Amino acid sequence: MSGTFLGMPKFQAAAPEALANSQQRRNLQHATHTIRDKRARVVEELDDWEELRQAGAAIKDNVLSHLDTYLVQLEESLTRAGATVHWASDADEANRIITSLVQETGTDEVVKVKSMATQEIGLNEALEETGIAAWETDLAELIVQLGHDKPSHILVPAIHRNRAEIREIFLSEMGQVGTPPPGDLSADPRDLAEAARVHLREKFLRAKVAVSGANFAVAETGTLVVVESEGNGRMCLTLPETLISVVGIEKVLPRLEDLEVFMQLLPRSSTGERMNPYTSTWTGITPGDGPQQVHVVLLDNGRTDALADSVGRQALRCIRCSACLNVCPVYERVGGHAYGSVYPGPIGAILNPQLRGTTSEVDQSLPYASSLCGACGDVCPVGIEIPELLVHLRTRVVDEQRGGMPSGEQIAMKGAAWMFSDHRRWEMAQKGTELGGRAMKKKDTIGRLPGPLSAWSDARDSPTPPTETFRSWWKREKGGQS
Amino acid sequence: MSTRDEMLGRIGAALAGADRRPPPDYTYGAVTPLPDIADTFVERVEDYRAVVERVDPEGLADAVVAALDGAARVVVPPAMPAEWLDGFTELTRTQVVTDDGALSADDLDRFDAVVTAAAVGIAVTGTVVLDHGPDQGRRALSLVPDLHVCIVLESQLVGDVPESVAPLRAAVEAGRPLTWISGPSATSDIELERVEGVHGPRNLHVLLVRDLLVHDTAPDTAPDSARATPA
């Protein structure tokens with residue numbers, strides 16, 4: 001632990017920088033408000049939304065509390081259907097498995113359909129190290145990849161970019177890795193989408209191997225499900241000879257019927273549509289249709305640690321819809337990069353510290369990246385009590401900091417406790433603030449404070465103290481009568 | 001110890017003493033009553049900026065030709081009902097090729113359009129579901145050509161998503177894939193402005209065929225109200 005205040009390091013260091021980016025703030029405000037309004041409208045159409053949410057939560061709780069049984073069942077169903085199942089404890093193991101599967105095919109490139117799990121394990125970077133090019137095929141992921149950037153939203157990863165920036169990225173980068181855009185490319189989203197279509201089509205048609213994630217994996221039948229809009233998913237899942245899918249172990253659903261619940265909850269919560277344009281399901285290998293080599297990598301990477309926390313376990317219900325991001329006042333202003341992870345926003349603030357542990361500054365800071373207003377918990381389609389979990393994780397972070405050298409914050413809190421415990425000490429302290437207030441009469445707020453207080457004041461404005469306290473006003477006006 | 005046993009061991013330890021939760025108390029497959037299931041389907045498919053038309057069985061062959069809108073090369077699945085393609089005899093300039101399974105992705109990319117049947121239509125969400133039976137063909141067929149003409153029978157319509165899973169179960173258990181299609185390919189990735197047409201077919205043309213008089217068990221009921229309160 002460095003000298004920074006408890007719970008204040010990484011997010012709080014990244015947030016002011018993001019806040020200063022007024023272009024990004026405008027892009028985000030427009031995008032999050034548009035999508036949250038659409039979501040509210042289509043959710044309102046369903047009379048049984050609350051029942052659906054409860055069913056979604058209950059199905060996931062049933063899965064999680066019998067995860068060992070359902071995973072073994074999924075493995076059996078997948079194997080019976082002709083797929084090969086691999087188990088991966090962590091990112092390194094998953095990347096090793098996938099890299100060698102790709103190498104066995106003799107190809108040096110893969111097409112990818114957007115997948116949170118492969119981002120989480122840094123698959124693209126791992127493949128690149130062994131000389132395998134991984135092409136992202138979702139339009140937003142393509143923008144992020146070509147821009148040498150990082151995704152900032154679960155569903156619309158390039159939400160922080162506007163059309164002019166995207167045009168620049170396409171013009172300067174596309175030609176270096178494949179079909180270039182037309183020289184007279186405009187910033188019209190239609191033209192930009194068309195440039196992406198032409199650029200990626202060449203890659204789809206020649207690709208021998210694809211890598212995907214999965215939104216759901218049905219234990220009973222061994223069916224994997226990918227939910228998408230553009231058709232890049234269908235291209236990846238259908239045209240190549242080999243398909244490798246990375247599936248977090250929490251993605252299991254017991255029965256095929258459970259899809260009816262999630263195929264209503266997910267599109268309405270994520271894009272605010274009654275249904276997303278394309279959903280693909282596949283059950284192992286189908287002779288004469290699609291990839292004839294199908295691999296499934298079941299990924300732990302911290303999920304069993306989250307499972308072991310009886311309160312935190314509910315975060316594994318998450319279906320990655322991103323509704324919580326779009327209603328979060330903190331996310332709306334700072335954007336996704338400040339969270340230092342592929343899972344930004346309120347869900348990132350509870351998921352990351354559980355998956356990665358609370359040893360790093362960023363993971364210790366994330367439970368504090370919230371105003372606890374509760375909007376995230378209200379919209380969550382699987383009823384994850386995000387605010388409650390944020391507080392739970394704050395407790396965990398504080399508990400883990402006990403013992404050893406006290407931090408600056410702990411010393412400050414001890415001093416405050418000493419001051420508040422005696423009214424004479426409190427009045428003495430107030431006298432001090434009155435003097436300070438008079439000295440700073442002309443200012444409304446205090447800027448950066450000196451010394452150890454600078455870490456606090458870097459991300460916060462403090463009001464200047466009043467020139468007279470309530471207690472001395474009362475004494476003056478009422479002569480000490482009660 | 002294998003990674004598999006290690007992971008299962010960790011899960012077992014994580015769940016030791018945990019409250020093992022039962023499946024939810026929830027009624028699957030509930031019927032969504034609609035005043036007119038076909039009207040709702042048409043309205044919702046239109047919402048996606050797809051083209052949708054209601055046709056009589058005898059008008060279908062002409063409607064297919066019209067929907068193809070002058071496409072020069074058309075591919076169809078192996079078991080497309082022959083009468084659906086009757087209109088082509090008059091069209092000397094359209095080449096209709098039946099997929100024999102040997103066409104490569106590049107071959108498919110040279111077709112302008114594809115005609116398929118469907119397995120289920122979902123009214124509330126405006127979705128057609130393909131279960132890739134012989135009248136729908138393999139997945140690549142309805143994916144690569146830029147225009148997809150999809151023929152849905154009124155008797156294949158269900159109210160909402162909960163009713164759609166049961167009729168698809170047999171296909172899944174037979175190892176077949178499913179494709180759920182709601183409108184043409186679309187993206188909202190640039191400033192959340194919806195653009196139709198990225199990687200999948202940019203044009204979806206749905207032909208909804210009135211067939212209830214043939215299939216309905218209550219022949220006295222008029223087509224429009226036949227499924228108002230589905231059995």
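Remember, predicted model here, so these are calculated numbers, not experimental data.
By the 4.0 Å N-to-carboxylate-O rule, Asp258(A) lies close enough to Arg255(A) to be salt-bridged with it. Contact check on Glu194(A) versus Arg190(A) returns no salt bridge, with no Lys/Arg side-chain nitrogen under 4.0 Å from an Asp/Glu carboxylate oxygen. With respect to the salt-bridge test (charged N to carboxylate O, under 4.0 angstrom), the residues Arg303(A) and Asp90(A) do not qualify. Between Lys38(A) and Glu273(A), no side-chain nitrogen of the basic residue sits less than 4.0 Å from a carboxylate oxygen of the acidic one, so the salt-bridge criterion is not met. Using a 4.0 Å cut-off between charged nitrogen and carboxylate oxygen, Arg73(B) and Asp109(B) do not count as a salt-bridge pair. With respect to Glu250(A) and Lys60(A), no salt bridge is recorded, no charged nitrogen being found less than 4.0 Å from a carboxylate O. Glu46(B) has no carboxylate O lying under 4.0 Å from a charged side-chain N of Arg44(B), or vice versa, which leaves the two without a salt bridge. For Arg10(B) and Asp300(A), the salt-bridge test passes: some basic side-chain N is under 4.0 Å from an acidic carboxylate O. Taking a cutoff of 4.0 Å between a charged side-chain nitrogen and a carboxylate oxygen, Asp160(B) and Arg274(A) do not qualify as a salt bridge.
Contact annotation for Ala31(A): both backbone and side-chain heavy atoms come within less than 4.5 Å of a heavy atom of chain B. With a 4.5 Å cut-off on non-hydrogen atoms, Thr223(A) touches chain B through its side chain but not through its backbone. Of the two parts of Thr221(A), only the side chain, counted from C-beta on, holds a non-hydrogen atom closer than 4.5 Å to a non-hydrogen atom of chain B. Heavy-atom distances place the backbone of Pro184(B), and not its side chain, under 4.5 Å from chain A. With a 4.5 angstrom heavy-atom cutoff, Glu191(B) touches chain A via backbone and side-chain atoms both. For a residue to count as touching a neighbouring chain, one of its non-hydrogen atoms must lie under 4.5 Å from one of that chain's; by this rule Leu299(A) touches chain B with the backbone only. Arg201(A) touches chain B through its side chain: at least one heavy atom from C-beta onward sits under 4.5 Å away, while N, CA, C and O do not. Looking at Ser188(B), only its backbone comes within 4.5 Å of chain A, counting heavy atoms on both sides. Using a 4.5 Å cut-off between heavy atoms, Arg313(A) contacts chain B through its side chain alone, with no backbone atom that close. Proximity to chain B is limited to the side chain of Leu239(A), based on heavy atoms less than 4.5 angstrom apart. If you measure heavy-atom distances from Arg167(A) to chain B, you find no contacts under 4.5 Å at all. For Val144(B), the parts lying under 4.5 angstrom from a heavy atom of chain A are both the backbone and the side chain. Using a 4.5 Å cut-off between heavy atoms, Asn27(A) does not touch chain B at all. The part of Tyr26(B) that comes within reach of chain A is its side chain, from C-beta onward, which places non-hydrogen atoms under 4.5 angstrom from that chain. With a 4.5 angstrom heavy-atom cutoff, Thr137(A) touches chain B only via backbone atoms. Within the 4.5 angstrom heavy-atom criterion, atoms from both the backbone and the side chain of Ser142(B) approach chain A. Both the backbone and the side chain of Leu205(A) come within less than 4.5 Å of a heavy atom of chain B. Within the 4.5 angstrom heavy-atom criterion, only backbone atoms of Asp19(B) (N, CA, C, O) approach chain A. Contacts of Ile166(A) with chain B are made by side-chain atoms alone, with heavy-atom separations under 4.5 Å and no backbone atom involved. For Leu192(B), the part lying near chain A is the side chain, with the backbone staying farther off; criterion is any non-hydrogen pair under 4.5 Å.
Chain A forms more heavy-atom pairs under 4.5 Å with one residue of Ala166(B), Gly12(B), Pro22(B) than with any other, namely Pro22(B). Here Asp289(A) is the residue among Thr304(A), Asp61(A), Val42(A), Asp289(A) with the most heavy-atom pairs under 4.5 Å with chain B. In terms of heavy-atom pairs under 4.5 angstrom with chain B, the leader among Pro189(A), Ala57(A), Gly231(A) is Pro189(A). Of the listed residues Arg176(B), Arg169(B), Glu193(B), the one with more heavy-atom pairs under 4.5 angstrom with chain A than any other is Arg169(B). Of the listed residues Ala55(A), Pro277(A), Ala140(A), Ala58(A), the one with more heavy-atom pairs under 4.5 angstrom with chain B than any other is Pro277(A). Among Asp68(A), Asn276(A), Leu71(A), Leu224(A), the residue with the largest count of heavy-atom pairs under 4.5 Å with chain B is Asp68(A). With respect to chain B, the highest number of heavy-atom pairs below 4.5 Å among Glu93(A), His66(A), Met263(A) belongs to His66(A). Of the residues considered (Pro162(B), Gly183(B), Ala105(B)), Pro162(B) shows the highest number of contacts with chain A, using heavy-atom pairs under 4.5 Å. Taking chain A as the reference chain and counting heavy-atom pairs below 4.5 Å, the highest number among Arg20(B), Arg138(B), His132(B) is found for Arg20(B). Contact count against chain A (heavy-atom pairs under 4.5 Å) is highest for Arg194(B) among Arg194(B), Glu196(B), Glu173(B). Ranked by non-hydrogen atom pairs under 4.5 Å with chain A, the options Asp106(B), Val172(B), Leu130(B) are led by Val172(B). The candidate from Arg161(A), Glu220(A), Arg80(A), Glu141(A) with the greatest count of non-hydrogen atom pairs under 4.5 Å with chain B is Glu220(A).
Shown here is Asp25(B), whose CG atom has no more than 12 heavy atoms of other residues, nucleotides or ligands within 6.0 Å. Within a 6.0 Å sphere centred on CG of Asp5(B), heavy atoms belonging to other residues, nucleotides or ligands number more than 12.
With Glu53(B) contributing its side chain and Leu208(B) its backbone, the two residues share no donor-acceptor pair below 3.5 Å. Judged purely by atom type and a 3.5 angstrom limit, Arg202(B) has no side-chain atom pairing as donor or acceptor with the backbone of Leu147(B).
Taking CD from Glu230(A) and NZ from Lys114(A), the interatomic distance works out to 10.5 Å, rounded to the nearest 0.5 Å. From Glu163(B), atom CD reaches atom OH of Tyr28(B) across 16.0 Å, with rounding to the nearest 0.5 Å.
For the residue pair His153(A) / Asn326(A), a side-chain donor-acceptor distance below 3.5 Å is found, with atom types taken as modelled. Residues Trp87(A) and Glu75(A) bring a donor and an acceptor atom of their side chains to less than 3.5 Å of each other.
Each of Thr179(B), Asp131(B), Thr116(B) was evaluated against Gln136(B); a single residue qualifies, Asp131(B), per the side-chain hydrogen bond (donor to acceptor under 3.5 Å, both in side chains) test.
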